[in-house]
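The structure under discussion appears below in the form of structure tokens.
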Number of protein chains: 2
Amino acid sequence: MRGAQGDLLRLVATGQAESRAELARLSGLAPSSVSLRVEELLDAALLVEEGAGTSRGGRRPRRLRVSPTAGLLAVADLGAHHARLALLDLSGVPLVVEERPCDIALGPETTLDWMAAAFDDLLRSHAPPGVPLRGVGTSVPGPVDPATGRVVSPSRMPGWNAFPVAEHLGAHYDLPVLVENDANLMAVGEARAWPGCDNLMVLKAGSGIGCGLIVEGRLHRGRGAAGDISHVRVRADSSAICSCGHPDCLEAYASGAALMGALADRGFAVHRPADVAALVADAVPEATALVRNAGRLIGEVLTVLVNFINPDAIVVGGSLSGAEPLISAVRAAVYERCLPLATRDLEIAVTRTGPDAALLGAGSLLLDAVLA
Amino acid sequence: MRGAQGDLLRLVATGQAESRAELARLSGLAPSSVSLRVEELLDAALLVEEGAGTSRGGRRPRRLRVSPTAGLLAVADLGAHHARLALLDLSGVPLVVEERPCDIALGPETTLDWMAAAFDDLLRSHAPPGVPLRGVGTSVPGPVDPATGRVVSPSRMPGWNAFPVAEHLGAHYDLPVLVENDANLMAVGEARAWPGCDNLMVLKAGSGIGCGLIVEGRLHRGRGAAGDISHVRVRADSSAICSCGHPDCLEAYASGAALMGALADRGFAVHRPADVAALVADAVPEATALVRNAGRLIGEVLTVLVNFINPDAIVVGGSLSGAEPLISAVRAAVYERCLPLATRDLEIAVTRTGPDAALLGAGSLLLDAVLA
DNA sequence: CCAACTTCCTTCGAAATCGAAGACAAGCCG
DNA sequence: CGGCTTGTCTTCGATTTCGAAGGAAGTTGG
């Protein structure tokens, strides 16, 4: 897909434009040029005309949509013990989402080959005939070097260090391949649900603590570890040594793994972070207190970042995001301690996208690669 | 200056391109189109051809420069007790730089009218005849709402709250007017001296502590207070209440003002932050210890931001930047505590631009406004 | 010194893009 | 119901931009 057409298709696919007139406004092209390009996209069966939109006082626009036959994207959100897999159409709408158990500790080759097989499986059972696969993407729970698509010193991924994930996955396909950190993809997916918020911090509170940063509407990658808040030193009464070797990292107190450990010490049966959220939902005092304390610690770290970045919103996702005391404590810390200018219009909210945020984010970034 | 020409002129003015061929490479336009546009800019006397550049193995390029007669920019860097004023040509090169005493506590009208008079003064004495003034800009030592050009709750600027600085200054001129926070402008100015570093944190250590953030080559403004690190809570032995009402803000321990206070308590005669740096240069133990401690505290705050943003470099400027122990302590804290991935290629250095950074930054942003 | 190669810049026909004007299709309103 | 207004989309000549080819002015290397 070359330049101008790609831009137009992207605007339709991302839901920013639904008519030729909107395309003209957003793309900066002349209405006549837009008509020509759209005509070509219709001929190529990448776009379809679908009825009429709502009038804004004049003639009703002819609604444009990405054709369901334009192509599919296969995406995965890879966790430590299970992966969510999905097929999306080019506008990012899921045809099918599945969660399957897996184990990243088996190493990259095994895991990625398993993933490719799972994608084939989904395509066989759910892809309409004749619709081509156009891109493949996955999240990984660790830092990814944006230049090379390699995983870099991931603490939760034994055996994966410096493994060329994108390259290995790409060997199965002659297609654009995307590999990105899970919190980053979650941020991208979430960003589409927050129109008007160009600067967004998306916290992933799961068994680890991650954060994705959207600046001016675009994912901020840094050197691959951007968004890390796990290893910030927090003010704690006791003293814990983190796996990174430093004392009192946020992760050692406020991560899902830390909370699970603390609850297990007190005799609760918790096997995954969602179990912690469940205990909180059941109003178990120990769990609530621990989660609230975790939220306070996270919130105190976020104050620094909110003052510095001035985001439009902080969105909390991940399997602990269902624990209301966590969000409340984050809110309390941020609103109490940050500059008024930074919090005046700051929204702190739970995910609008739900558990598929990273899958949708992968679709969004993949679309860019496909239409490049 | 309309679009395409503006882009080309900007590339030459910012020193990114010196020949038609470079313009073609950087602008994405076809060589033939570049030649046409350059011809028009030469006819309009905005560009001049000036000899030949150095060959890169083939025909030598014909070097292009912005004409010295193309226009001037009047810029100021406004401090609490003095202002630096300059006239720049459109490529950002100063014709004249002066420092004059002033007092922002006299209020916005008085100060800004004084500034306009000072600009007129400079223009009379230093502007070549017939060269038009094309833009006016100033820094202010406080947050600026990017949308309105108003100062917002500035702690060091009594009487300025919500004052429409850009509007008032604009009444003197029928020209683009720029008003921006001082640390932000410093960051923009510094960024041009760090080619290849697209993500930059620029620390201004003066009587206050400010920070400007460059992301993907562009200034990050947030809601106007972005870059603030003054009011981060630090781990301190004693307890001090900051002017913002919270305990143990960084500013209360590590700002030039705080250091001056501490030194004055010990009987030293210090009247401006540079005096602190001078004491350190004279190896006065009390001053060195205080400055080193300030650097450590600042560095600890920066660790959070470095992990989160992964900048390419941290640049330290401001009147305390000459104090070597400050930089060393910042370096020590950041390199010790940050993630290896974040510090692997991180440079922590003193300003390359010197005291005129904010003036040059103002010129850089003004150029964008002039060529819009 | 002279060919071979590089890079820079221009020339000129082809192609893409624009923009003004108008056709088209609604809602609004007495 | 029939103007009136508003917004959408297309037509078509004018303009801009492109791109391939070639000339100009160097360097490099036998």
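All values below come from the heavy atoms of this structure, side chains included, with hydrogens, waters and symmetry mates left out. Here the structure is a predicted model, which means the values were calculated and not measured. Proteins come first, then strands; the chains are lettered A, B, ... in the order of their sequence lines, and each starts at number 1.
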DNA chain C nearest-nucleotide lookup for A:Arg59 and A:Gly28: closer to the 5′ end is A:Gly28
Are B:Arg223 and A:Asp312 close enough for a salt bridge, meaning some N to O gap below 4.0 Å?
yes
Any pair counted as side-chain hydrogen bond (donor to acceptor under 3.5 Å, both in side chains), so long as it reaches residues 56-65 of chain A, sequence neighbours left out:
A:Glu49-A:Arg62
Closest non-hydrogen atom pair, B:Leu365 against B:Leu185
CD1-CD2, 3.8 Å
Winner on side-chain proximity to B:Arg56, out of C:dT10, D:dC18, C:dT7, is C:dT7
Quick one: is A:Arg20 getting a side-chain N or O under 4.0 Å of the D:dG7 phosphate, OP1 or OP2?
no
Please tell me if B:Ser33 has a side-chain N or O lying less than 4.0 Å from either OP1 or OP2 of D:dT16.
no
Quick one: is A:Arg60 getting a side-chain N or O under 4.0 Å of the C:dA26 phosphate, OP1 or OP2?
yes
Please give me the minimum heavy-atom distance between A:Val315 and A:Thr351, naming the atom from each residue.
CG1-CA, 3.6 Å
Check every atom of D:dC18, C:dT10, C:dC18 against the side chain of B:Pro31 and return the nucleotide holding the closest atom.
C:dT10
Should the side chain of A:Ser55 and the base of D:dG7 be counted as holding a donor-acceptor pair, with the cut-off at 3.5 Å?
no
Please give, in whole Å, the distance from C:dC9 C1' to B:Leu64 CG?
11 Å
Just N and O in the side chain of B:Arg62: are any of them under 4.0 Å from OP1 or OP2 of C:dT10?
yes
By nearest-heavy-atom nucleotide on DNA chain C, the more 5' of A:Gly58 and A:Ser32 is A:Ser32
Do any side-chain nitrogens or oxygens of B:Arg25 fall under 4.0 Å of OP1 or OP2 in C:dC8?
yes
